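See structure below.
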Amino acid sequence: MLIDTSTLPKDEQTFLELQQLFEKNGYALYKMRKFEEYSLYQEYRNFLGSESVLTFQGFGGKLMALKPDVTLSIVKNAKMGMSAPEKLYYRESVYRTERGGSEFREINQMGLECIGRFGSDTVLEICGLAMESLATIDDDFIFAVSHMGFVTGLMDECGIDNPVAKKAVLELLRSRNAHDVASVGGVSARAAEKIAALASGSTEFSAALELARSLSEGRETESALTELNALYGKVSGTCFSEKIRLDFSVLNDIDYYNGMIFQGYVKRVPKLILSGGRYDGLLARTGKELCAMGFALSLGELNACYPRRVQKEE
Amino acid sequence: MVSIALPKGRLGNKAYKLLEKSGYTVSELMDESRKLVFENAESGVKYFLVKPSDVAIYVEYGAADIGVVGKDILLESGADVYELLDLGIGKCRMCVAAKEDYVEDTGRPVVVATKFPSIAKKYYMSTNREIEVIKLYGSIELAPLLNMSDVIVDIVETGTTLRENRLKVFEEIFPVSARLIANKASYKFKEKEIATIVGKLKEVTL
């Protein structure tokens, strides 16, 4: 019997289509256990961005946790060769609390990770796969890119070195808040002007790139802009050229993320559904001098916004 | 069409006046009706009138694209939204206040009555003081008068209520004013329309 996939719930449909897409691009399915030792998450709490982990006592008294995140498990457990990068994809449940909430939720996630030695081609390939993944869900999507190297480089060039000021500036950029920048302690008037310009600028790629170039004064920001420009060059002229934005409100933890980072939205879902980026910093923390990049999609958010098509009896 | 959540009451009326000056009018909005949704297809906006403490929630969940909310409520809710503009209206201060003759007993936790438990906890965490929070929904000033709490954490506009109840401000935590906020996903798809509203509002708030 042939199954009509168009009648499946949206998360299942998306999984099947992305599975094909990822495997066609050389990614292998990585299946893992539902739990890990709690100490893993305690050590990398900032990477998780949440302090809530669902714990239980394992055999022998060891404190275990239901996975709040997949990337950490892959980084810890995957066999990483020194030649070709490890290319893996997964579909797993993770267990977290909603922001501000106290109840744990099971979150249905799918994503991919690429870990090893790779260059800019792989970075562009992963951005391309993220865009194709969004297009699989809905043609009406936005792919918002940013670069941690540009933002941290700009803060260094502006002389913002106090960790409290850095945190405050990142928070203001994240909320596109230009009006409170001047009140952050340890930020000069000129630096505040630059940060405010970045926070309030348009996200239309070429305009944002132009603005970022006018703010750049050093090698780190320049090299980040070269990478962003290469991505724009690759996407320009394709069917995704209208979907990509350069948005410096897309930010992540500066200790773990170092290069291109991105987020994806589809019009029918009023929430973030895809996020990812380059996280060499996490590998460095584990003592591995390797590159790492990936993204995760929240499949569970889709079903509420894409009602299931019911098959009518003939 | 951009949907805008406005808080019911004084702040909402002031915010609407700014939007009206910017050209986003809906004639019946200021009428004494019980309607909650007002639309003007010509200017491309739809207004929702909601409880002030719910504005950030409507925007965060995408029921409204943008909204007007006090910085006090925004910080208390912790909503993950864009904060695009300080509208400069509804100005007041978030303060710690207590009876005029209050002297802090540093040998025990401070008992704090407040409508803003998250803000109070964050503030006292920054001062490394342990507190007990009593969450109240109104007439906060009564708590120290009845010895239910040592201090209150609340917004202070002119200070008249405090003075009339023989209370005074001991610490100012942060200044408060109304902010224009936006849903992050909506902003991605309606950036031009929202940026136009922000631009026009900037002209009338400067």
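This is a predicted model, so every value here is computed, not measured. Letters A, B, ... are given to chains in the order of the sequence lines, protein chains preceding strands, and every chain is numbered from 1.
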Under 3.5 Å side-chain donor-acceptor pair for B:Y82 and A:S249: yes

task: Against chain B, label A:R176 side chain, backbone, both or neither, depending on which of its atoms sit under 4.5 Å from a heavy atom there.
output: both

task: Name the option with the most non-hydrogen atom pairs under 4.5 Å to chain A; the candidates are B:V198, B:N183, B:L84.
output: B:L84

- request: Answer with side chain, backbone, both or neither: which region of B:K71 has an atom nearer than 4.5 Å to a non-hydrogen atom of chain A?
  value: side chain

- request: Among B:D80, B:I181, B:V55, find the residue that satisfies the side chain to side chain contact (heavy atoms under 4.5 Å, CB included) test when tested with B:E60.
  value: B:D80

- request: Under 4.5 Å heavy-atom distance to chain A, tell me which part of B:D86 shows up: side chain, backbone, both or neither.
  value: both

- request: Would you mind checking which part of A:S183 comes under 4.5 Å of any heavy atom in chain B, side chain (CB onward), backbone (N, CA, C, O), both or neither?
  value: neither

- prompt: Under 4.0 Å between a Lys/Arg side-chain N and an Asp/Glu carboxylate O for A:D140 and A:R268?
  reply: no

query: Would you say the side-chain atoms of B:E191 and A:T203 include a donor-acceptor pair closer than 3.5 Å?
result: yes

- request: Please flag which part of A:I142 lies under 4.5 Å from any non-hydrogen atom of chain B: side chain, backbone, both or neither.
  value: both

- line: Correct closest heavy-atom pair for B:G70 and B:L11 would be N-CD2, 4.2 Å

